[in-house]
Structure formats: structure tokens, C-alpha cells
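Owing to the predicted nature of the structure, the values given are computational and were not obtained by experimental measurement. What's counted below: heavy atoms across the whole structure, side chains too, no hydrogens, waters or symmetry copies. Here, residue 1 is the first one in the sequence, and each next residue gets the next number.
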Amino acid sequence: MGGSPMCDSQAMGETAIPPRLTPEQSATWDRDGYLIMRGLVPQAEVAALIAAAMTQAELGPVAGLWDADYTTRFPVRDDPLTRYPRLLQLHRHPHLALGALARQRLLHPDVATITEALLGEPTLAAQSMLYFKPPGARGQALHQDNFYLSVMPGTCLAAWIALDRADAASGGLAVVPGSHRLDLICPEAADMTQSFVADRVPVPAGLVPVQLELDPGDVLFFNGQVIHGSTPNTTADRWRRSLICHYLPARSRAIHDWYFPLLDFSGGEHRLESSSNGGPCGSPVLAAFH
């Protein structure tokens, strides 16, 4: 279910031959709604992203990048995410070392090739995020990404890049295979002692979450309807940092306007119709996303 590892001696973010999906990978994607590409991001790039992220965390808040608001909405005593909140839309800050690296990965030619192969058409980039998830941090209850992006018609696509080993103990992702065939399910209240967001999507009867294990440089691609989430990081000394990028079909008619401007893989800016009025579940609170 994974791709061939890339050579660490290659330049950061570069591969000698653009990856192509095997028939087995295509079948896995069609059946489960997700696909793990092992070793897609070179280790030198992973190390550079971690170093830049930790440096940025030490420098402190940056307007439009540092998402600390949820710590006042959903406070938890001694919450490590107060010190290390997620970072949003990193690619819009190319003057920062972390922003430049995130933009490079968001618009990487390999990603263009893979996302187009998975969706069967060219794609646009909508979002980049970084999660620190230090020891003791809460997880995120099960959810569907397109509830927040509101791509119409169709759905979005995520590329979830592991920067550290991500497993059950460190709060790695669990996914529900086959849930990509479902419509959006309206969320219910989440357990805020376990999740840093208030929404939770229940797992429909007959479907079962599967805990994934990813190593640094592995990339999990998944359909925007796929139910997924994570539990708290229960380790004493392991981080679970990750970079997440979101894409959508270039032919899409609308997306929530928070994601404007969209980017093509040459860096050109695009705007679609706004879907900000929400779908069947109403308008989501975007600050609660991921």
C-alpha cells in the first residue's frame, strides 16, 4: 500500500523520477479512500521542516499563522497546545523559513502528479497546516475534512505528511476505510478531555476505524469524505509533528472563501464561488478545523 522510498542523497523535495501509481495503489485508493506513499518526502526535507517549525515556535506568534484562539474557547489546564498550537496557511508566509519550505512541499511536482492521478484530473492547492502535538497533547475527534472546506461539487483531498513516527501511542491518525463513499455526516459533541475540537462524527454501523502507523517522510493521501481522527499523545517524550496540505479538483465550482486564494502548481492564484453558507450541516466553525 506504499510507494518506493526516495533516496536521502537527493536534493530536498526532489526525486529523480516523478512517482506514478501502481495498479495495486489505485485499487487501494478506490476501495478504501486513502493511500500511504512510503518515504515520499526525503529525510533531509523532513529534518529541515522540523528545525524550521521549532525555530518558529520559539520566535512566537505571527499574525495569520499562529492559531492560538481555540485555547481560550476550549481551555484545558496545562494544555501543551497552548505553547505549541497548530500553524495555519504556512505557504502564505514565504518570507519565513518554515513558510518557504511548506510552500515548496504544497506545490511540489510529485504532489501534482499524485493528486491528479488520485482524482483523475488537475488539482488546486487550498491549505497548508502544521501540527506540533507534543507529549500530553489532546487529539482530534473523528471528522470529515470536506465539512470544513465545503468543496462543491465533489470533495477535497488531503496529503498528511508525517514528520515524526505517528502511531497509536503518539496520537497518530486512525481512518475509517470505505467512508469515502458516504455523504457528509453532521457532527455531534466531542469529548473535550480527549479532543481539542468540539465536533465528532459518529462511525456508521458496519464500518470500523483502523489505526495507521507512519514513519517520517511517509504521506497519507485521503479523500475529503473519509472519517478520520486521532487520540491524545500519551507518550512521555515523543512528538507527533505533521504537515498537512489540502487540494481540490481544478474544475470545482465552489469552496469556503476562507481558503482564497487557491494556488495552481505554478503558483498562480485562483478564486471560485464561495460556499461559505455551508452544506447540509450548516456553516462550520473554521477555527475548529483539524
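Residue pairs that meet the side chain to side chain donor-acceptor pair (under 3.5 Å) test with at least one member in residues 51-65, sequence neighbours left out, are Glu58-Arg83.
The shortest distance between side-chain heavy atoms of Gln89 and Trp258 falls below 4.5 Å. In this structure the side chain of Pro249 reaches within 4.5 angstrom of the side chain of Glu121, judged on heavy atoms. For the pair Val201 and Phe147, the minimum side-chain heavy-atom distance is 4.5 Å or more. Put simply, the side chain of Leu220 reaches to within 4.5 Å of the side chain of Leu212, judged on heavy atoms.
Interatomic distance, Gln140 CD to Gln194 CD, rounded to the nearest 0.5 Å: 13.5 Å. Leu35 contributes atom CG, which lies 11.0 Å from atom CD of Glu24 (distance to the nearest 0.5 angstrom). Note: Ser150 OG to Asp257 CG = 10.0 Å, rounded to the nearest 0.5 Å. Taken from CH2 in Trp160 to CG in Leu173, the straight-line distance is 4.5 Å, to the nearest 0.5 Å. With rounding to the nearest 0.5 Å, the separation of CG in Leu262 from CD1 in Ile255 is 5.5 Å. Here Arg103 contributes atom CZ and Leu98 contributes atom CG; the two are 13.5 Å apart, rounded to the nearest 0.5 Å.
When the side-chain hydrogen bond (donor to acceptor under 3.5 Å, both in side chains) test is applied to Asp30, no partner is found at least two apart in sequence or on another chain. His93 meets the side-chain hydrogen bond (donor to acceptor under 3.5 Å, both in side chains) test with no other residue; sequence neighbours excluded. Residues passing the ring-ring contact (aromatic ring centres under 6.0 Å, His included) test with Phe221, sequence neighbours excluded: none. Remark: Asp167 engages Arg165, Ala169, Ser170, Glu213, Arg238 in a side chain to side chain contact (heavy atoms under 4.5 Å, CB included) (not counting sequence neighbours).
With hydrogens and angles ignored, the 3.5 Å screen pairs a side-chain donor or acceptor of Ser275 with a backbone N or O of His256. The backbone N or O of Gly172 sits less than 3.5 Å from a side-chain atom of Gln211, completing a donor-acceptor pair. Side chain of Ser266 to backbone of Gly268: no donor-acceptor contact under 3.5 angstrom is found. A donor-acceptor pair under 3.5 Å links the side-chain atoms of Asn233 to the main chain of Lys133, judged by distance alone. Without hydrogens or angle criteria, Thr115 side chain to Val111 main chain gives a donor-acceptor distance under 3.5 Å. Using modelled atom types, no side-chain atom of Tyr34 and backbone atom of Thr28 make a donor-acceptor pair closer than 3.5 Å. In this structure, Arg240 contributes its side chain and Ala166 its backbone to no donor-acceptor pair below 3.5 Å. In this structure, Ser274 contributes its side chain and Ser276 its backbone to a donor-acceptor pair below 3.5 Å.
In the model, His180 has no side-chain atom that pairs as donor or acceptor with a side-chain atom of Asp32 under 3.5 Å. A donor-acceptor pair shorter than 3.5 Å can be found between the side chains of Gln225 and Thr155. Side-chain atoms of Arg181 and Ser179 include no donor-acceptor pair closer than 3.5 Å. Inspection of the Ser128 and His91 side chains reveals an N or O donor paired with an N or O acceptor under 3.5 Å. Judged purely by distance below 3.5 Å, without hydrogens or angles, the side chains of His143 and Asp199 never pair a donor atom with an acceptor atom.
In this structure, Trp239 and Tyr84 have perpendicular ring planes: the angle between them is above 60°, well past the 30° mark.
Side-chain contacts under 4.5 Å among hydrophobic residues (ILVMFWY), followed directly or transitively, place Val208 with no other residue at all.
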Steps toward salt bridge (Lys or Arg N to Asp or Glu O under 4.0 Å) verdict (Arg241, Asp164): CA-CA 6 Å; Arg241 289 161 290 207; Asp164 300 291; 2.8 Å; yes
One pair to check against side-chain contact (heavy atoms from CB on, under 4.5 Å): His228 and Val176. What are the steps and the verdict? CA-CA 6 Å; His228 64 288; Val176 179; over 6 Å; no
Check step by step if side chain to side chain donor-acceptor pair (under 3.5 Å) holds for Arg20 and Thr22. CA-CA 6 Å; Arg20 295 290 188 272; Thr22 66; over 6 Å; no
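No continuous path of ILVMFWY side-chain contacts below 4.5 Å connects Leu59 to Leu90, so the two sit in separate hydrophobic clusters.
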